[in-house]
Undergrad: 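After the structure tokens below, expect a handful of questions from me.
The figures here come from the full heavy-atom set of this structure, side chains too, leaving out hydrogens, waters and symmetry mates. Because the structure is a prediction, the values reported are computed rather than measured.
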Amino acid sequence: MLIIRSLNLNYMKTVLFTSFLALGLGLLACNGNSSSDHADAVDSAKTVNKEVKAVQPDASNFVVNATNGGMMEVELGKVAEDRASSARIKAFGAMMVKDHSEANNNLKGIANSLNIAIPDSVSNDTRKEINDLKMKKGKDFDKAYVNMMVDDHKKDIAEFRKCADNCSDSTVKNFAYTTLPVLEKHLDSIQTIASRK
């Protein structure tokens, strides 16, 4: 009897999660394609997670924010490979694409296993930052990208360290802990590039 009740509870959680996810995606689809009318994917994911409560908010918010940041790193890494004038910055961009694609895939697996809704695109604010950077070329791009990557990785390291120390979910906590050395390597690399400019 207890096993059946447990199975029914898990089934209901899955149904609720799927329903809220479909609702969130439906809201995204109904809001049109212009960025001003488009629902923020990050906010929508957080709303779904707040309703479903698959894990504690500290863990789900970390996963959502890390997914948003990871998608940004990959997209901007590709832009850097294409637009940077410096070979070192192009190489750094390639490292961002490789390392953050791997981290994003790991995070997606964790989100699926824990029924955490994650955004399928970056937040509206992040999209604006990406688009602003895409307008630059050559040395102007190099300078803006390097500055952004230094600031971004400092913030990321602080957030990942906070989660590694305090997140309520052990799987999310472990992801933060094991990803920290990669982010620290990225920060060291981009600070070295910045110091030689």
Side-chain angles (χ1 to χ4, degrees), residues 28 33-36 38 40-46 61-112 116-164 167 172 174-197:
L28 286 172
N33 290 329
S34 73
S35 60
S36 60
H38 193 283
D40 190 294
V42 170
D43 290 342
S44 295
K46 286 182 179 179
N61 287 338
F62 172 82
V63 170
V64 169
N65 291 335
T67 300
N68 181 62
M71 288 189 293
M72 179 194 76
E73 298 287 6
V74 170
E75 187 170 346
L76 284 179
K78 290 176 182 176
V79 175
E81 287 182 279
D82 182 55
R83 301 229 174 140
S85 63
S86 160
R88 294 190 67 176
I89 295 173
K90 285 178 183 285
F92 180 84
M95 180 171 63
M96 293 299 94
V97 172
K98 177 185 173 294
D99 291 351
H100 283 282
S101 292
E102 184 179 319
N104 291 350
N105 288 336
N106 292 339
L107 201 52
K108 187 174 183 180
I110 290 167
N112 286 339
I116 298 172
I118 55 173
D120 61 352
S121 60
V122 296
S123 71
N124 292 343
D125 288 343
T126 302
R127 173 58 51 206
K128 184 179 181 318
E129 286 183 85
I130 292 170
N131 289 341
D132 288 348
L133 202 56
K134 281 182 174 179
M135 300 296 289
K136 300 179 185 303
K137 293 181 181 174
K139 292 191 182 296
D140 287 341
F141 173 86
D142 291 1
K143 182 178 179 184
Y145 178 70
V146 167
N147 289 339
M148 184 180 192
M149 289 297 100
V150 169
D151 291 344
D152 188 59
H153 279 85
K154 284 179 179 177
K155 288 176 194 168
D156 287 349
I157 288 168
E159 288 301 312
F160 274 68
R161 189 167 287 133
K162 180 180 175 186
C163 181
C167 260
V172 174
N174 187 56
F175 170 80
Y177 178 79
T178 57
T179 307
L180 260 173
V182 177
L183 297 175
E184 289 165 345
K185 176 185 81 172
H186 293 169
L187 181 59
D188 287 345
S189 296
I190 199 66
Q191 285 179 324
T192 299
I193 292 170
S195 70
R196 294 181 181 176
K197 299 232 48 88

Undergrad: Do D152 and E73 have side-chain heavy atoms sitting under 4.5 Å apart?
TA: yes

Undergrad: Taking the side chain as every heavy atom from C-beta outward, state whether V122 and V42 have any atom pair closer than 4.5 Å.
TA: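 No, their side chains stay 4.5 Å or more apart.
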
Undergrad: Does the pair D151/K155 count as a salt bridge with the N-to-O cut at 4.0 Å?
TA: no

Undergrad: Report yes or no: does T178 contribute a side-chain atom to a donor-acceptor pair with the main-chain N or O of F175 at less than 3.5 Å?
TA: yes

Undergrad: Just one of V182, L187, L180 clears the side-chain contact (heavy atoms from CB on, under 4.5 Å) bar with E184, so which one?
TA: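 One option only clears the test, and that one is L180.
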
Undergrad: Could you grab the distance from atom OG of S189 to atom CE of M149, nearest 0.5 Å is fine?
TA: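 Atom-to-atom, S189:OG and M149:CE are 13.0 Å apart.
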
Undergrad: For the pair H100 and H186, name the ring-plane relationship: parallel under 30°, tilted 30 to 60°, perpendicular over 60°.
TA: tilted

Undergrad: Salt-bridged, K90 to D82, with N to O below 4.0 Å?
TA: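 Salt bridge: no.
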
Undergrad: Please assess D142 against S86 for the test side chain to side chain donor-acceptor pair (under 3.5 Å), listing each intermediate value before the final yes or no.
TA: CA-CA 7 Å; D142 291 1; S86 160; 4.9 Å; no

Undergrad: Please test I118 against L107 for side-chain contact (heavy atoms from CB on, under 4.5 Å), starting from the C-alpha separation and ending with a verdict.
TA: CA-CA 9 Å; I118 55 173; L107 201 52; 5.9 Å; no

Undergrad: Of the non-hydrogen atoms in V74 and V97, which two are nearest, and what is the gap between them?
TA: O-CG2, 3.6 Å

Undergrad: For the atom pair CZ (R196) and CZ (R88), what is the distance rounded to the nearest 0.5 Å?
TA: 4.5 Å

Undergrad: K108 versus T67: any side-chain heavy-atom pair under 4.5 Å?
TA: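 A side-chain contact is absent here, since even the closest heavy-atom pair is not under 4.5 Å.
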
Undergrad: Once you round to the nearest 0.5 Å, how far does CG of L183 lie from CG of D99?
TA: 9.0 Å

Undergrad: Looking only at atom types and distance, does a side-chain atom of N147 sit under 3.5 Å from a main-chain N or O of K143, one as donor and one as acceptor?
TA: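 At least one qualifying donor-acceptor pair exists.
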
Undergrad: Indicate the atoms forming the closest heavy-atom contact of A164 with A176, along with that distance.
TA: N-CB, 3.8 Å

Undergrad: Can you see which heavy atom on P119 is nearest to which on V64, and at what distance?
TA: CD-CG1, 4.0 Å

Undergrad: Ignoring hydrogens and angles, tell me if any N or O in the side chain of S101 forms a donor-acceptor pair with the backbone of K98 under 3.5 Å.
TA: no

Undergrad: Could you tell me the separation between the CD1 atom of I157 and the OG1 atom of T179, rounded to the nearest 0.5 Å?
TA: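 One finds 11.5 Å between CD1 of I157 and OG1 of T179.
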
Undergrad: With distance as the sole criterion, is a donor-acceptor pair present between the side chains of T126 and S123 under 3.5 Å?
TA: yes

Undergrad: Can you check side-chain contact (heavy atoms from CB on, under 4.5 Å) on K128 and N124, steps first, answer last?
TA: CA-CA 6 Å; K128 184 179 181 318; N124 292 343; over 6 Å; no

Undergrad: I130 and E75: which non-hydrogen atoms are nearest, and at how many Å?
TA: CG2-OE2, 3.5 Å

Undergrad: To the nearest 0.5 Å, what is the distance between CD1 (I190) and CD1 (I193)?
TA: 4.0 Å

Undergrad: Are M96 and H153 close enough that some pair of their side-chain heavy atoms sits under 4.5 Å apart?
TA: yes

Undergrad: What are the two closest non-hydrogen atoms of G77 and Y145, and how far apart are they?
TA: CA-OH, 3.9 Å

Undergrad: Please walk me through it: do E129 and L76 pass side-chain contact (heavy atoms from CB on, under 4.5 Å)?
TA: CA-CA 10 Å; E129 286 183 85; L76 284 179; over 6 Å; no

Undergrad: Taking the six-membered ring for Trp, is the centroid-to-centroid distance between F160 and F62 below 6.0 Å?
TA: yes

